[in-house]
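Beneath this line is the structure, given in structure tokens, with notes to follow.
We count ligands from 1, going down the list as the structure has it; atoms in each ligand are counted the same way. Residues take their numbers from the sequence shown, with the count starting at 1.
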Amino acid sequence: MTDDTQHIRLVLPGPVEVRRDILDAQTRWMVGHRTADFSDLFARVEGKLRQAFLTAHPVIVSTSSGTGLWEGASRNGIRDDRRALHLVNGAFSERWARVSQANGKQVEVVEVPWGQAITAQQVAEALRRGHYDAVCVVHNETSTGVINPIREIAEAVRQHDETLFMVDCVSSFLGAELRVDDWGIDVALTSSQKAFALPPGLSFAAISPRVLDRARQIPHRGYYFDFLELVEWVGKNNTPSTPAISLIYAADRQLDDVLAEGLDNRWARHLRLREMAHAWAAQHGFGLFAQEGYRSPTVTAVANSRGMDTQALAAFMLGRGFAIDTGYGPLKGQTFRIAHMGDMSETMLQEVLDGLSIFVAGD
Ligand SMILES: *Cc1c(COP(=O)(O)O)cnc(C)c1O
């Protein structure tokens with residue numbers, strides 16, 4: 001399946017479809033990572049990452065998937081004798097809470113049923129009742145298609161000086177409005193293979209100075225994901241250990257295209273894609289799994305109210321050249337997700353929806 005005409009286009013909520021130009025960017029010759037060539041590349045990429053995160057603070061580049069930076073955020077942001085408040089409303093936020101626990105952190109949760117959003121009021125109340133080193137939240141719950149009101153939640157967290165605000169924006173970065181500095185986010189972390197539309201293998205995080213102050217108070221931060229070390233190396237336009245250089249070539253190219261499109265335009269495109277997906281669902285008598293008002297601009301979880309065979313749907317779509325999701329874990333069959341993140345165009349989404357319409361008509 002190396003032939004471009006036969007390749008299966010990914011409509012999955014990660015990894016997402018990666019454009020040919022981006023794949024090609026990875027084929028440049030290797031350079032040593034302790035050379036001026038690499039430092040120039042890193043400086044260029046990190047500068048563009050700051051523009052993309054809307055931050056003046058350093059952005060670390062980690063050769064790991066996003067899960068690695070979850071671990072880093074938990075280890076560097078939460079002291080062992082204090083607590084973290086995890087906001088849980090889906091599979092990924094649940095898993096990040098487990099990552100904190102696995103690192104020996106004391107975790108409390110504010111939890112709402114899958115499909116619902118966490119509100120700022122819930123967070124404000126929890127913070128009135130207890131002291132927390134950090135509030136950890138997933139901006140966009142990829143499992144349920146819910147986007148949490150991060151900006152309002154940030155306001156609630158910012159009332160508490162001791163509390164860091166750590167946000168997973170893996171499936172929202174560059175797909176939904178996100179203003180790291182303006183909103184007062186201390187850690188904003190993302191993976192390469194979701195809304196960023198790169199191949200898997202890298203993750204990125206904007207790190208505020210408050211996080212570094214906290215990390216200095218934690219003796220055992222681990223080694224590979226030590227934020228103090230990673231940030232110190234950003235100052236040298238480099239990484240502590242050998243990075244995935246080919247993927248950084250791809251990021252360099254992708255960030256040029258992202259900034260040329262413009263963040264506002266990119267966010268607006270995703271809102272139009274969301275409208276298309278919602279209109280399709282309504283037109284065919286399907287509900288939406290996510291609570292109204294909090295529906296994700298990057299992934300729509302369609303409630304399978306017609307009891308369709310989603311495996312048959314996926315097989316049908318594969319025949320038309322698209323890989324499509326059949327619902328996350330426990331939601332399999334009950335929902336299917338139409339991912340519309342990354343570089344997805346309206347034309348491509350229309351092709352996907354046309355295919356789905358044909359399947360539904362014959363079902
Ligand atoms: C996929 C996903 C993750 C996990 O990221 P990996 O890069 O697979 O480690 C974390 N958070 C969210 C919201 C995700 O969608």
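In terms of protein heavy-atom proximity, atom 11 (N) of ligand 1 is nearest to Asp168 OD2, 2.6 Å. Ranking the protein heavy atoms by distance from atom 13 (C) of ligand 1 puts Thr142 OG1, 3.3 Å first. The closest protein non-hydrogen atom to atom 4 (C) of ligand 1 is Thr67 OG1, 4.0 Å. Looking only at protein heavy atoms, the nearest one to atom 8 (O) of ligand 1 is Gln193 NE2, 3.4 Å. Nearest non-hydrogen protein atom to atom 5 (O) of ligand 1 is Ser191 OG, 3.5 Å.
At a cut-off of 3.5 Å, with distance as the only test, a side-chain donor of Thr298 or Asn140 sits close to an acceptor on the other residue. The closest side-chain donor-acceptor pair between Arg253 and Gln26, if any, does not fall under 3.5 angstrom. Side-chain contact check for Asp354 and Gln350: at least one donor-acceptor pair (N or O, by modelled atom type) lies under 3.5 Å.
Ring planes of His33 and Phe38: perpendicular class, angle over 60° (limits at 30 and 60°). Ring planes of Trp183 and His139: perpendicular class, angle over 60° (limits at 30 and 60°). Using the six-membered ring where Trp is involved, Phe359 and Phe316 have ring planes that are tilted, between 30° and 60° apart.
Numbered from 1 in the order shown, with element, the atoms of ligand 1 that lie under 4.0 Å from a heavy atom of Ser65 read 6 (P), 7 (O), 9 (O). Close contacts between ligand 1 and Asn140 involve ligand atoms 13 (C) [criterion: under 4.0 Å to a heavy atom]. Taking every heavy atom of Val138 and a limit of under 4.0 angstrom, the matching atoms of ligand 1 come to 13 (C). Contact atoms of ligand 1 toward Gly66: 6 (P), 7 (O), 9 (O) (distance under 4.0 Å to a heavy atom of the residue). Residue-ligand proximity, Trp70 to ligand 1, at heavy-atom distances under 4.0 Å covers atoms 10 (C), 11 (N).
Distances from atom 2 (C) of ligand 1 to the heavy atoms of His139, Arg95, Lys194, Met341 put Lys194 nearest.
When hydrophobic clusters are built by joining Ile, Leu, Val, Met, Phe, Trp and Tyr residues whose side-chain heavy atoms come closer than 4.5 Å, directly or via intermediates, Ile324 is not grouped with Leu331.
For the ring-ring contact (aromatic ring centres under 6.0 Å, His included) test, residues two or more places apart in sequence or in another chain that qualify with Phe204 are Phe196.
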